[in-house]
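Below is one structure, written out as structure tokens; comments come after it.
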Amino acid sequence: MIEKNNIVKNKKLNRLTWFGVGGTSKIYFQPETEEDLISFLKKNKSNLNIYPLGAGSNIVIRDKGYNGIIIHFNKLNKISIDNKGTITSYCGAMDAEVARFARNNARSGLEFLIGIPGTIGGGIRMNSGAYGSEIKNFLINVIAVNKKGILKTFTVEELGLNYRSNSLSQEWMFLKANFRSNKGSINRIQDKMKEIIKSRKDSQPTGLKTGGSTFMNGKDFKAWELIDNAGCRGLKVGGAVISEKHCNFIINENYASATDIENLGELVRDKVFKKTGRKLNWEIKIIGEK
Ligand SMILES: Cc1cc2nc3c(=O)[nH]c(=O)nc-3n(C[C@H](O)[C@H](O)[C@H](O)COP(=O)(O)OP(=O)(O)OC[C@H]3O[C@@H](n4cnc5c(N)ncnc54)[C@H](O)[C@@H]3O)c2cc1C
């Protein structure tokens, strides 16, 4: 049901996530501009929790939905560059767009973003990375906004970014980020991006309903190896299956529900624990009512 100004009540969320599952959110808001967002937050007097959503590539929203406000950042996506080579991106911009923007401006360093199917905001929350680089290596600072519409700038050090994690309170939503970049050659940047795309196609399932890596690697182990050793490759619950190609990926193969995906993940954790004594931690975020 559409209310006004991109505010929707009881919005179905399944199409907003890569897994294609999930119930509704009490309120859904898709700001078109920074001013829209701030004004919405300042006027909002409800006590509902607020949750920022990017491209939905690392999230499972439960079948019973989210009893709060989902703010979808995807339209806040402008990217610009200054004369020192600092790239400024609104946090709803897709990582790949930022990679292409950097290439078009002959700036190197951000090529790794070409293969990550998320937004800059999701990337900062998760400290996303690939091929030896991660967000933390290039992020200078980010302007964030809280539930009350108050803006604050955090330096990369203040965010406490570590492997697929960020220690800043969930209260802060990322709005606009500054990245450093290096002078580069467009052809060389393009070649590197092509290599990354090819290598991903060879090693990961593509074009499927998935959330990418399900569990985090540890300091001394790869999650996929533990999953494989515990005999979980190809394991199924309902319509959800552990990928045969990359067994740290769960695929929604056959009309899986969010419950199928969560239960499959928990079954894998259980089997891995019984076999190896190690507890896998979810990398994928799971939100919503149980
Ligand atoms: C096929 C596939 C391949 C992948 N490969 C990689 C990879 O190589 N490396 C890697 O690191 N990840 C990978 N991922 C996971 C995922 O793409 C990244 O974690 C990505 O950065 C998530 O961004 P998103 O916009 O989709 O976030 P979402 O899934 O929408 O949200 C994830 C988290 O980020 C938070 N978030 C989103 N936007 C904001 C914002 N503006 N402010 C504050 N918090 C926000 C959400 O609240 C949530 O907690 C892959 C996923 C898929 C499906």
Side-chain angles (χ1 to χ4, degrees), residues 13 16-22 25 29-31 34 37 41 49-61 66 68-77 89-99 111-137 139 142-147 151 154 159 161-166 168-177 196-197 199-201 203-217 223 243 245-246 248-252 261 282-288:
L13 300 172
L16 304 184
T17 72
W18 267 61
F19 272 120
V21 297
S25 64
F29 174 51
Q30 187 184 36
E34 182 176 335
L37 173 62
L41 292 168
N49 286 330
I50 296 183
Y51 197 85
L53 182 69
S57 65
N58 212 31
I59 196 165
V60 171
I61 298 172
Y66 182 71
I69 302 171
I70 293 282
I71 299 189
H72 198 187
F73 273 75
N74 62 330
K75 287 198 169 173
L76 301 178
N77 56 13
S89 171
Y90 272 88
C91 289
M94 293 298 292
D95 293 345
E97 282 303 315
V98 175
E111 295 88 338
F112 72 101
L113 291 175
I114 193 69
I116 304 179
T119 60
I120 291 298
I124 297 174
R125 175 53 65 194
M126 305 302 301
N127 186 28
S128 296
Y131 298 92
S133 297
E134 52 189 8
I135 288 279
K136 139 180 178 182
N137 304 139
L139 183 67
V142 61
I143 299 175
V145 60
N146 71 4
K147 192 176 172 165
L151 294 168
F154 294 92
L159 297 177
L161 297 181
N162 277 308
Y163 170 67
R164 302 299 169 265
S165 68
N166 176 323
L168 188 71
S169 154
Q170 188 75 35
E171 163 199 13
W172 293 98
M173 297 176 277
F174 303 123
L175 181 63
K176 203 185 335 182
I196 290 174
I197 291 167
S199 148
R200 293 181 79 93
K201 277 198 182 136
S203 64
Q204 291 180 359
T206 50
L208 295 171
K209 292 179 174 177
T210 177
S213 295
T214 310
F215 301 106
M216 293 197 244
N217 294 324
S243 166
K245 191 167 180 182
H246 187 324
N248 195 18
F249 277 43
I250 291 180
I251 314 280
N252 174 359
I261 293 167
W282 284 90
E283 176 176 325
I284 287 175
K285 304 283 183 197
I286 303 179
I287 64 161

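As the structure lists them, so they are numbered: ligands from 1, and atoms in each ligand from 1. All values reported here derive from a predicted model rather than from experimental measurement.
Distances between N or O atoms of Ser128 and those of ligand 1 include at least one value under 3.5 Å. Between Lys285 and ligand 1, a contact under 3.5 Å exists for no N or O pair. Inclusion of Ile116 in the set of residues having an N or O under 3.5 Å from an N or O of ligand 1 is not warranted. The shortest N or O to N or O distance between Phe249 and ligand 1 is not under 3.5 Å. Inclusion of Trp172 in the set of residues having an N or O under 3.5 Å from an N or O of ligand 1 is not warranted. Checking only distances, Thr210 never comes within under 3.5 Å of ligand 1, N or O to N or O. Between Met126 and ligand 1, not a single N/O pair is under 3.5 Å apart. Between Gly212 and ligand 1, a contact under 3.5 Å exists for no N or O pair. The shortest N or O to N or O distance between Asp95 and ligand 1 is not below 3.5 Å. Taking only nitrogen or oxygen atoms, main chain and side chain alike, Ser213 does not reach within less than 3.5 Å of ligand 1.
Counting non-hydrogen atoms of neighbouring residues, nucleotides and ligands closer than 6.0 angstrom, the NZ atom of Lys201 reaches no more than 12 such neighbours.
At distances below 3.5 Å, not a single donor-acceptor pair connects side-chain atoms of Tyr163 with backbone N or O atoms of Met216. Without hydrogens or angle criteria, Thr210 side chain to Ile250 main chain gives a donor-acceptor distance under 3.5 Å. In this structure a side-chain-to-backbone donor-acceptor pair under 3.5 Å is missing from Asn127 to Glu134. With hydrogens and angles ignored, the 3.5 Å screen pairs no side-chain donor or acceptor of Ser213 with any backbone N or O of Phe215. Judged purely by atom type and a 3.5 angstrom limit, Asn252 has no side-chain atom pairing as donor or acceptor with the backbone of Lys209. Judged purely by atom type and a 3.5 angstrom limit, His72 uses its side chain to pair as donor or acceptor with the backbone of Gly54.
Counting protein heavy atoms only, atom 46 (C) of ligand 1 is closest to Pro52 O, 3.2 Å. Protein heavy atom at the shortest distance from atom 42 (N) of ligand 1 is Phe174 N, 2.8 Å. Closest to atom 22 (C) of ligand 1, if we only count protein heavy atoms, is Ser57 OG, 3.4 Å. Among all protein heavy atoms, the one lying closest to atom 38 (N) of ligand 1 is Gly122 N, 3.4 Å. Counting protein heavy atoms only, atom 49 (O) of ligand 1 is closest to Tyr51 OH, 2.7 Å. Remark: minimum distance from atom 9 (N) of ligand 1 to any protein heavy atom is reached at Gly129 O, 2.7 Å. The protein heavy atom nearest to atom 15 (C) of ligand 1 is Asn58 OD1, 3.5 Å. Of the protein's heavy atoms, Pro117 CD, 4.3 Å lies nearest to atom 14 (N) of ligand 1.
Of all the atoms in ligand 1, the ones that sit under 4.0 Å from a non-hydrogen atom of Ala130 are 8 (O). Listed by number with element, the atoms of ligand 1 under 4.0 Å from a non-hydrogen atom of Gly211 are 51 (C), 52 (C), 53 (C). Annotation for ligand 1: atoms under 4.0 Å from non-hydrogen atoms of Trp18 are 1 (C), 53 (C). Close approach of ligand 1 to Gly118 (heavy-atom distance below 4.0 Å) involves ligand atoms 17 (O), 20 (C), 23 (O), 24 (P), 25 (O), 26 (O). With ligand atoms numbered from 1 in the order given, ligand 1 contributes 21 (O) to contacts under 4.0 Å with heavy atoms of Gly123. The ligand atoms of ligand 1 that sit less than 4.0 angstrom from a heavy atom of Met173 are 42 (N), 43 (C). Short contacts between ligand 1 and Ala55, defined as distances under 4.0 Å to a heavy atom of the residue, involve ligand atoms 24 (P), 25 (O), 26 (O), 30 (O).
Separation of atoms OH (Tyr90) and NZ (Lys176) is listed at 3.5 Å; rounding is to 0.5 Å. Atom-to-atom distance recorded for Leu37:CG and Lys75:NZ is 14.0 Å, nearest 0.5 angstrom. A distance of 11.0 Å separates CG in Asn77 from SG in Cys91, rounded to the nearest 0.5 Å. The CZ atom of Phe174 sits 10.5 Å away from atom OG1 of Thr119, with the distance rounded to the nearest 0.5 Å. Atoms OH and CD1, from Tyr66 and Ile61 in turn, are 10.0 Å apart once rounded to the nearest 0.5 Å. A distance of 12.5 Å separates CD1 of Ile284 from CZ of Arg164, quoted to the nearest 0.5 Å.
Using a 30° and 60° split on the angle between ring planes, Trp172 and Phe154 fall in the perpendicular class, above 60°.
Contact annotation: Arg200 has at least one heavy atom less than 4.0 Å from an atom of ligand 1. In this structure, Met94 falls outside the shell of residues with a heavy atom less than 4.0 angstrom from ligand 1.
Using a 4.0 Å cut-off between heavy atoms, Phe73 contacts ligand 1 through its side chain alone, with no backbone atom that close.
Gly123 approaches Ile135 most closely through the heavy-atom pair O-CG1, 3.5 Å. Across all non-hydrogen atoms, the minimal contact from Asn248 to Ala223 is ND2-CB, 3.8 Å.
Distance check for atom 31 (O) of ligand 1: every protein heavy atom is found at 4.0 Å or beyond.
When the heavy-atom distances from atom 35 (C) of ligand 1 to His72, Arg125, Lys176 are ranked, the shortest goes to Arg125.
Ser199 and Tyr131 form a side-chain donor-acceptor contact under 3.5 Å, judged by distance and modelled atom types alone.
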